[in-house]
Structures are given as structure tokens and as C-alpha cells.
Amino acid sequence: MLKQQITTLISVSVQLSSRKNDILERWVNFPMVLEVLDKHHIDIELFKSVYAINILDYYFGVVEQTKKIGDCPVMADFMIYLKEHDISADELFIICTHARKAMINLTFDLDIASKALFEEISYVFDLNFKGVLAQYANTIYRLEKQIQQEIDENRKKDVVMFQHARLAQMGEMINNIAHQWRQPLSMVSAIVQNIHFKYQLGKLESDFFNQNIEDIKKILQQMSQTITDFQNFFHPNKEKEEYFIENSIDHTIDLLNHSMETSAIEFIRLGRNDLVHIMGYPNEFAQTLLNIFSNAKDALLQNDLYEKRCIYIETTLLEDRLLISISDNAGGIPENVLDKVFNPYFTTKEQGKGTGIGLYMCKQIIEKNMNGSIYVQNKLFSNAENGAEFIIELPYRE
Ligand SMILES: Nc1ncnc2c1ncn2[C@@H]1O[C@H](COP(=O)(O)OP(=O)(O)OP(=O)(O)O)[C@@H](O)[C@H]1O
Ligand SMILES: [Mg+2]
């Protein structure tokens, strides 16, 4: 800044700076300024004595060339103070411009006002504001970046959680594959023994041999299909696709049926809507069902309350949404934890048995990926048995 550019201002600088308190009072008492200070509960006396007076001192320091532009000692603290009070950039602008207005008003009252003085006062203020606003915008930008980083980190944590949950599901599924393979394996083994036996007796006829080989081929094909089914199950869908909701439920039940039967748990289908198709991610949806089913299984095995262990599934079509209700007769969820079950890492299971991710994952899939909602309530059945009911609502359009 050139001294020559502000000669008028320099000539009255001493006169103006001797009236600093006057400028200060005018500044903080403009209605727009008061409104901002008031809105953000800023203590006016503190604002005046800690920041405003120092900012004016600095202003005159710049005019008298004893201070450099952009070197205001209280500015950094002032920024932090404003940010702590949630002052937005436009509110900061209001505060800044009224400092100038206060000084210009005073020049009129002192009868020293002139166009040149007006422009020179404005010029020094503008130079200062430019720096202040840039600095403020920059800190806000940094803050946004920090928030973005936190969001990214949370997302990474979610990915890790989902991987853990998926591993747990895979363990469950491997048990199912093992189960589903046991019977065909023993069938193949029996057929092979039979062939061997006939061969040793010299009674192996070609018809018998060919028929048995065909049987083995069929069984092996089935076994290979089992693997494909399970593999598909864990393959996340990249694109949304249209699928029949009932097929998806049937398919998931088929995959689990063996291990449920072993635990004497029966799936019972109530209302069905076979023609309803949904846009979404069928595999993710199937994983949601799997999580809810395996929770029901855990609860049914833990609280063996009634004669039959049941998981009921019912779909109901409303005008614009489809409700999928999955309930069990395992006694329900204690009221004091009912609102916590969807929280990440909330579990009532002993260590090693549950991580508390299952339902959190369900909620993410249903709400974020499928635009639906999921909630839980306790249910009393007409036969006086009770249990937990999970309800998934999905948007549906004919
Ligand atoms: N059908 C149910 N009956 C009773 N309690 C349930 C039922 N489903 C869920 N819960 C309760 O909700 C908690 C949270 O379930 P969630 O599936 O999120 O975690 P988890 O099953 O404990 O562990 P994870 O699924 O990670 O192996 C469970 O620990 C259990 O207390
Ligand atoms: Mg679970």
C-alpha cells in the first residue's frame, strides 16, 4: 500500500484514532451487528475489549505504517472465537463492513468528511477485509475437509465391519454346504462301492454300470450347483436389478433349511405376494434375511420356550410399500434394549458368539441401498406365544 494513496486519511489519523472508543460504540451498536452478536450469544463487552479495540488499533497501525497488512495480532484468535460461535461468512462480512461504516459516520460528525477520505478509509478496510474473509473461508474449508476425512474414516470402518460380518456369515454358510454335501457324498460313495462289488464278482453289466454313472453325474451336478448358489449369495450385486421378493425369500430359506431343521426350527410362510417385484440388490437383501434368521435361530435355541420353534414370514402389500415381517417365538427382546439392537457392536451374546454387527448391517442395506426402513417390535401371537418381529418396509411401485 502506498503512502500517497491515503494522504487524506493519514492527515486525520491521529484525530480519528483518539476517538477509537467512539468508533467502537458506533460499530457494535448498529442494529445489524447487534443482531449477529445477539444471535450467537457473543458477549458484547468481551467482543469490544478483546477483539474490536485491537482490530481498530491495528487499523490505525496500518494507516500510520507501523503495522503490515495481514499481520493483525488478534486475528487468528478472533477467527477461532467466531467459528466457535458458528458465525457464517456473510455474518462476518456484516461485522467487518460496519466497522468501516462506524468510522465514516464519525468523519461526518467531526466535519472532516470528504469523498477522498471516504475512499481512503474504505480502501484500507477493503485491503484488510480481503485477507480476513479469505482466512475465514480457508478455515471453514479446512473444517469441511476435516469433516470429510472423518466421514471417509467412518466409511472405512463400515467396510471392515461388513467384512467381519460377511466372514461370520460365510462360516454359517460353509456349515450349510457341509451339511448339504454330506448326503450326496455318501450316496456317491455307496454307488461306487456297489460298482466295485459287482465288478469283483464279475457281475458288472454295462446297463447297470451306465445307469450308475449317470446317477453319479447328476449328484455331482447338484453338489456343484450348491457351491454356485452359495458363491452367488456372497457376490455383491453391482447394479440394481428387478427381482421377485418371494423368490428371494424362498431361496434364502432353501439355503438355510438344513441347518434350521437340525435345530428343529421350522420356517412358516404366511401371506405371500408372488407377483411383487422390487428394484434393488437381491444378494444384499438375502443377506439381510440371513442375519435376521440367524438371530432368530440364536434366540430360539437360547430361550427354548414353546413346543415348536418357529420363524414366521409374511409379506403384505400396502399402497406404495411392501412390508416383510419376520417373527419368531423366542420370547422377544427386553424393552430396555429394543431401541439399541440396530446400533453397531450392540450385542447381548457372549464373546465369540456375536459381534453386534448383524442388525446394523441390515439397517445400512435396507436404508442406504434400498431406500426402505427396518424396525423391530415385540409380538404376542394369537396362541399366546411371544417373540420378536422385524419389519422391513420397501418402496414398491406397480
Ligand atoms: N430375534 C431376536 N430375539 C431376541 N433378541 C434378538 C433377536 N434379534 C436380535 N436380538 C438382539 O439384538 C442384538 C443385536 O443383534 P445383531 O444381529 O446386531 O448382533 P449379534 O447377533 O449379537 O451379533 P452378530 O450378528 O454380529 O453375530 C442381539 O445380541 C440380541 O440381543
Ligand atoms: Mg446377529
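In what follows, every heavy atom counts, from backbone to side chain, and hydrogens, waters and symmetry copies are set aside. Counting convention: from 1, in listed order, for ligands and their atoms alike.
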Nearest neighbour in protein (non-hydrogen) for atom 8 (N) of ligand 1: Asn295 CB, 3.3 Å
Any carboxylate oxygen within less than 4.0 angstrom of a Lys/Arg side-chain nitrogen, looking at Glu314 and Arg269? no
Just which atoms of ligand 1 are under 4.0 Å from any heavy atom in Thr347? 20 (P), 22 (O), 29 (O)
Tell me the protein heavy atom at minimum distance from atom 3 (N) of ligand 1, and give that distance in Å. Ala299 CB, 3.5 Å
Here the atoms of ligand 1 under 4.0 Å from any heavy atom belonging to Gly332 are 4 (C)
Full working for salt bridge (charged side-chain N to carboxylate O under 4.0 Å, His left out) between Arg309 and Glu266: CA-CA 6 Å; Arg309 299 171 181 152; Glu266 194 182 343; over 6 Å; no
Report the nearest protein non-hydrogen atom to atom 4 (C) of ligand 1: residue, atom name, distance rounded to 0.1 Å. Ile333 CG1, 3.5 Å
Residue pairs passing the ring-ring contact (aromatic ring centres under 6.0 Å, His included) test with at least one member in residues 302-357, sequence neighbours excluded, are Tyr312-Phe381
Suppose we measure from atom 12 (O) of ligand 1 to each protein heavy atom; which comes out shortest, and what is that distance? Val341 CG1, 3.2 Å
Between Asn378, Val337, Asp328, Thr355, which one has a non-hydrogen atom sitting closest to atom 2 (C) of ligand 1? Asp328
Arg272 vs Asp250, test: salt bridge (charged side-chain N to carboxylate O under 4.0 Å, His left out). Steps then yes/no. CA-CA 11 Å; Arg272 288 183 72 105; Asp250 288 342; 2.9 Å; yes
For ligand 1, which atoms, with element, lie under 4.0 Å from some heavy atom of Gly356? 18 (O), 19 (O), 20 (P), 22 (O), 23 (O), 24 (P), 26 (O)
Does a side-chain N-to-carboxylate-O contact under 4.0 Å join Asp126 and Arg100? yes
Above 12 or not: heavy atoms from other molecules or residues under 6.0 Å from CD of Gln302? no
Top protein contact for atom 14 (C) of ligand 1, by heavy-atom distance: Phe346 O, 3.3 Å
Show which atoms of ligand 1 fall inside a sub-4.0 Å distance from at least one heavy-atom site of Gly354. 23 (O), 27 (O)
Would you call Glu119 and Lys115 a salt bridge, using N to O less than 4.0 angstrom? yes
Nearest heavy atom to atom 29 (O) of ligand 1: which of Ile292, Asp298, Thr348, Ile357 does it belong to? Thr348
Atom 21 (O) of ligand 1: closest protein heavy atom, distance to 0.1 Å, is Lys349 NZ, 2.6 Å
Lys/Arg-Asp/Glu bridge criterion (N-O < 4.0 Å) met for Asp109, Arg26: yes
Among Leu289, Ile268, Ile253, which residue satisfies the side chain to side chain contact (heavy atoms under 4.5 Å, CB included) criterion with Ile313? Ile253
heavy-atom search around atom 18 (O) of ligand 1 in the protein gives Leu359 N, 2.9 Å
Measure Phe390 to ligand 1 on non-hydrogen atoms and call it side chain, backbone, both or neither using the 4.0 Å cut-off. side chain
